[in-house]
Amino acid sequence: MVAALKPHLIDNSAALARLGLTPQSHVVVVGLGITGVSVVRYLLQQGIIPAIVDSREQPPALQQFQQDYLQQWPQLQIDTGAHAFNNLHTATHLIVSPGVALSEPEIEQARISGVQIISDIDIFALAVSTPIIAITGSNGKSTVTTLVGKMIECAGKIAALGGNIGTPVLDLLQDSTPDVYVLELSSFQLEITSYLQPAVAVVLNLSEDHMDRYDNFAAYASAKAKIYNNAEVMIDNYCQRTPSLLENALHTSQNQRYFGLTDDHACQFRIGLVEDSEWLIAYDQPLIEASEIAMQGRHNLSNALAALALVDAVNIQPAAAVAVLHEFSGLSHRMESVRELHEVRWINDSKATNIGACKAALQGVKEPVILIAGGDSKGADFSDLIAIVEQKVPVLILLGKDADRLQDVLQGFTAIHRVNTIEQAVNLAASMVQAGDTVLLSPACASLDQFENYQARGDAFKNAVMRLPE
């Protein structure tokens, strides 16, 4: 449901003026999804009446938006469908939703014509003076963002979480100010962001993703690197060191720190042995034994180290951070234990929408894995899965739009079976498992070919698993 206007929003007209946004501006909001709706709501609260365009004939939010806004603001213009972008070049400003590619011909033409193209992240960044923790990466963003928020709150402070996780950033701008904003940011959000100045920023990891939107991996990585622009503290994964990202950031901070699954003392937040047990270590001080962390999977040790590094940069004491690591077991659809049946573990990792996430999941499972994978590959190269599949996966069950591409790459490295639905995949896996196996849904692909989102895919898997007879 579209949220109604909130009456107590802070006046941010001075911040908007820095972008040239005034009530006289001809502002067009491109995209009527969750971000677009939040932008329109915010602009109306600031006395700016935008036009709205969406190339879809019936955006999901359209009917509710019309009910909530058009009666009060009849002058709002909404244009949808194939020709909605035709007159973008006549605007003074385009506020582009992250789901809309800047390479759209009409948006590119508007840019060439001198139209200012901005994001909701820029509007937010200019409106706040509160410290911002900015988090991106191919995988683990939501887990680390949630961890950081919980660690800050455990320390007795107020954290406001938003961005690519749940709440659009402009909906965070209410009359109560948190101690810290924690933003999960996608490459789509970062590529048109210029004014963000985080107190601390991190790129958690990089692997091929969204290759259907970017010309190549370098272009994708470059978009991620923008998170470091003007950051006071820059944090990088020591095991995937990306010096080019750090070096190419604008106004690079000299305050650079590392986290990673390494025992190298040059890495401030690392793994180390203490009396033959693995511990998470910060500045050479052991904080928590790895086995005591509630989250499952070795990749979550990396996520925990990243969170420790981030909260350290905003002066959160280790005791609060460690307390959260003892208790927080992870987010749904991310290495989520569904059931143990006849000595077989069933794990839902539906959020693994790219190859890097699938590899991390497989690396975190010790037992033989029956892997369920497939969906929309977004143009990714599956060859990077060959070694881990050959090593860990005796049986691979494929479904979805790009099952053929997966099979072509992985044929000969494991036994491959094809199904049409998640339910068929679960039932086939159940007929093959042996005691000690793990059945893992970790698709390495997006879900939109068959499902509304990855959550719906994960729920379908969980429901099918729970229907298996005792």
Side-chain angles (χ1 to χ4, degrees), residues 3-12 14-15 34-35 38-39 41-42 45-46 120-136 140-186 189 193 195-202 204 227 230-233 235 255 257 259 269 282 287-288 294-295 303-332:
L5 289 180
K6 299 183 176 74
H8 301 301
L9 188 97
I10 298 170
D11 179 6
N12 286 320
I34 184 173
T35 299
S38 73
V39 171
R41 182 165 54 241
Y42 176 81
Q45 290 166 328
Q46 300 294 325
D120 63 322
I121 306 297
D122 276 341
I123 297 172
F124 172 86
L126 290 173
V128 302
S129 56
T130 301
I132 295 171
I133 296 175
I135 299 165
T136 196
K141 297 185 295 294
S142 295
T143 295
V144 173
T145 299
T146 304
L147 268 177
V148 167
K150 289 180 176 294
M151 289 172 175
I152 291 168
E153 290 172 354
C154 187
K157 297 181 180 294
I158 299 172
L161 277 62
N164 197 49
I165 181 172
T167 305
V169 292
L170 294 179
D171 286 353
L172 300 176
L173 295 178
Q174 303 307 312
D175 54 356
S176 59
T177 302
D179 295 299
V180 185
Y181 288 107
V182 187
L183 304 186
E184 176 189 321
L185 299 172
S186 70
Q189 290 169 308
T193 296
Y195 292 91
L196 184 66
Q197 296 184 338
V200 54
V202 65
L204 297 172
I227 202 167
N230 301 298
E232 295 176 25
V233 179
I235 294 175
N255 195 344
R257 304 174 194 174
F259 74 94
F269 296 84
L287 295 182
I288 179 174
M295 295 183 296
N303 289 335
L305 289 164
L308 289 169
L310 289 164
V311 298
D312 173 75
V314 292
N315 300 313
I316 299 300
Q317 295 302 307
V322 168
V324 171
L325 293 177
H326 276 293
E327 299 294 331
F328 179 64
S329 60
L331 299 172
S332 297

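Residues: numbered from 1 along the sequence shown. Small disclaimer: the values here were computed from a predicted structure and weren't measured. These values consider heavy atoms only, across backbone and side chains, with no hydrogens, waters or symmetry-generated copies.
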*Asks:* One pair to check against side chain to side chain contact (heavy atoms under 4.5 Å, CB included): Phe124 and Ile132. What are the steps and the verdict?
*Replies:* CA-CA 11 Å; Phe124 172 86; Ile132 295 171; 3.8 Å; yes
*Asks:* Enumerate the residue pairs fulfilling salt bridge (charged side-chain N to carboxylate O under 4.0 Å, His left out) with a member in residues 154-163, sequence neighbours excluded, ordered by first and then second residue.
*Replies:*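 The answer is none; no pair qualifies.
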*Asks:* If you compare all heavy atoms of Leu161 against all heavy atoms of Gly149, which two are closest, and at what distance to 0.1 Å?
*Replies:*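 Shortest heavy-atom contact: CD1-CA, 3.8 Å.
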*Asks:* Any sub-3.5 Å donor-acceptor pair from Asp122's side-chain atoms to Thr193's backbone N or O?
*Replies:*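 Absent.
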*Asks:* Can you tell me how far CD of Gln189 sits from CG of Leu183, rounded to the nearest 0.5 angstrom?
*Replies:*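 Between Leu183 CG and Gln189 CD, I get 8.5 Å after rounding to 0.5 Å.
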*Asks:* If I take atom CG from residue Leu173 and atom CD1 from residue Ile123, how far apart are they, to the nearest 0.5 angstrom?
*Replies:*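 Rounded to the nearest 0.5 Å, the CG-CD1 separation comes to 9.5 Å.
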*Asks:* Using side chain to side chain donor-acceptor pair (under 3.5 Å) as the criterion, list what pairs up with Asp120, not counting sequence neighbours.
*Replies:*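 Counting only residues at least two positions away or on another chain, Asp120 forms no side chain to side chain donor-acceptor pair (under 3.5 Å).
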*Asks:* Any chance you could measure Leu308, atom CG, to Asn303, atom CG, to the nearest 0.5 Å?
*Replies:*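 The CG atom of Leu308 sits 11.0 Å away from the CG atom of Asn303.
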*Asks:* At their closest point, which heavy atom of Val311 faces which heavy atom of Ala321, and how far apart are they?
*Replies:*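 Of all heavy-atom pairs spanning Val311 and Ala321, the closest is CG2-CB, 4.2 Å.
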*Asks:* Of Val202, Thr145, Val180, Leu305, which meets side-chain contact (heavy atoms from CB on, under 4.5 Å) against Leu310?
*Replies:*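 When Val202, Thr145, Val180, Leu305 are each tested with Leu310, the side-chain contact (heavy atoms from CB on, under 4.5 Å) holds only for Val202.
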*Asks:* If you compare all heavy atoms of Ala125 against all heavy atoms of Tyr195, which two are closest, and at what distance to 0.1 Å?
*Replies:*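 Heavy atoms only, the tightest pair is CB-O, 3.7 Å.
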*Asks:* Would you please name every residue forming a side chain to side chain donor-acceptor pair (under 3.5 Å) with Thr146, sequence neighbours left out?
*Replies:*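 Partners of Thr146 by the side chain to side chain donor-acceptor pair (under 3.5 Å) criterion come out as none, since no residue qualifies.
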*Asks:* How would you list, by chain and number, every residue that makes a salt bridge (Lys or Arg N to Asp or Glu O under 4.0 Å) with Asp312, sequence neighbours excluded?
*Replies:*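 Here the qualifying residues are Arg257.
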*Asks:* Please list, chain by chain and in numerical order, all residues satisfying side chain to side chain contact (heavy atoms under 4.5 Å, CB included) with Ile288, sequence neighbours excluded.
*Replies:*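 Side chain to side chain contact (heavy atoms under 4.5 Å, CB included) list for Ile288, sorted by chain: Leu280, Glu292, Ile293, Val322, Leu325, His326.
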*Asks:* According to side chain to side chain contact (heavy atoms under 4.5 Å, CB included), who are the partners of Ala160, at least two apart in sequence or on a separate chain?
*Replies:*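 Expected list: Leu172, Pro178, Tyr181.
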*Asks:* What pairs of residues pass the side chain to side chain donor-acceptor pair (under 3.5 Å) test when at least one of them lies in residues 123-135, not counting sequence neighbours?
*Replies:*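 Residue pairs with at least one partner in residues 123-135: there are none.
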*Asks:* Looking at Met151 and Ile316, what are the two nearest heavy atoms and their distance?
*Replies:*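 The pair with the smallest heavy-atom distance is O-CG2, 3.9 Å.
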*Asks:* Please name all residues satisfying side chain to side chain contact (heavy atoms under 4.5 Å, CB included) with Pro198, sequence neighbours left out, ordered by chain then number.
*Replies:*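 With sequence neighbours excluded, Pro198 shows a side chain to side chain contact (heavy atoms under 4.5 Å, CB included) to Ala134, Leu196, Ala201, Ala231, given in chain and number order.
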*Asks:* List the atom of Val169, the atom of Gly162, and the distance in Å for their closest heavy-atom pair.
*Replies:*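 For Val169 versus Gly162, the nearest heavy atoms are CG1-C, 4.4 Å.
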*Asks:* Looking only at heavy atoms, which two atoms of Met295 and Phe328 are closest? And how far apart?
*Replies:*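 Closest pair (atom of Met295, atom of Phe328, distance): CG-O, 3.2 Å.
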*Asks:* Atom CG of Asn12 and atom OH of Tyr42: how far apart are they, to the nearest 0.5 Å?
*Replies:*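 Atom-to-atom, Asn12:CG and Tyr42:OH are 3.5 Å apart.
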*Asks:* Is the closest side-chain heavy-atom distance between Asp171 and Arg41 below 4.5 Å?
*Replies:*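 In contact.
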*Asks:* To the nearest 0.5 Å, what is the distance between CG on Leu185 and CD1 on Ile121?
*Replies:*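 It is 5.0 Å, given to the nearest 0.5 Å.
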*Asks:* Taking side chain to side chain contact (heavy atoms under 4.5 Å, CB included) as the test, write out the residues that go with Ser142, two or more places apart.
*Replies:*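 With sequence neighbours excluded, Ser142 shows a side chain to side chain contact (heavy atoms under 4.5 Å, CB included) to Ile165, Glu184, Leu331, Arg334, given in chain and number order.
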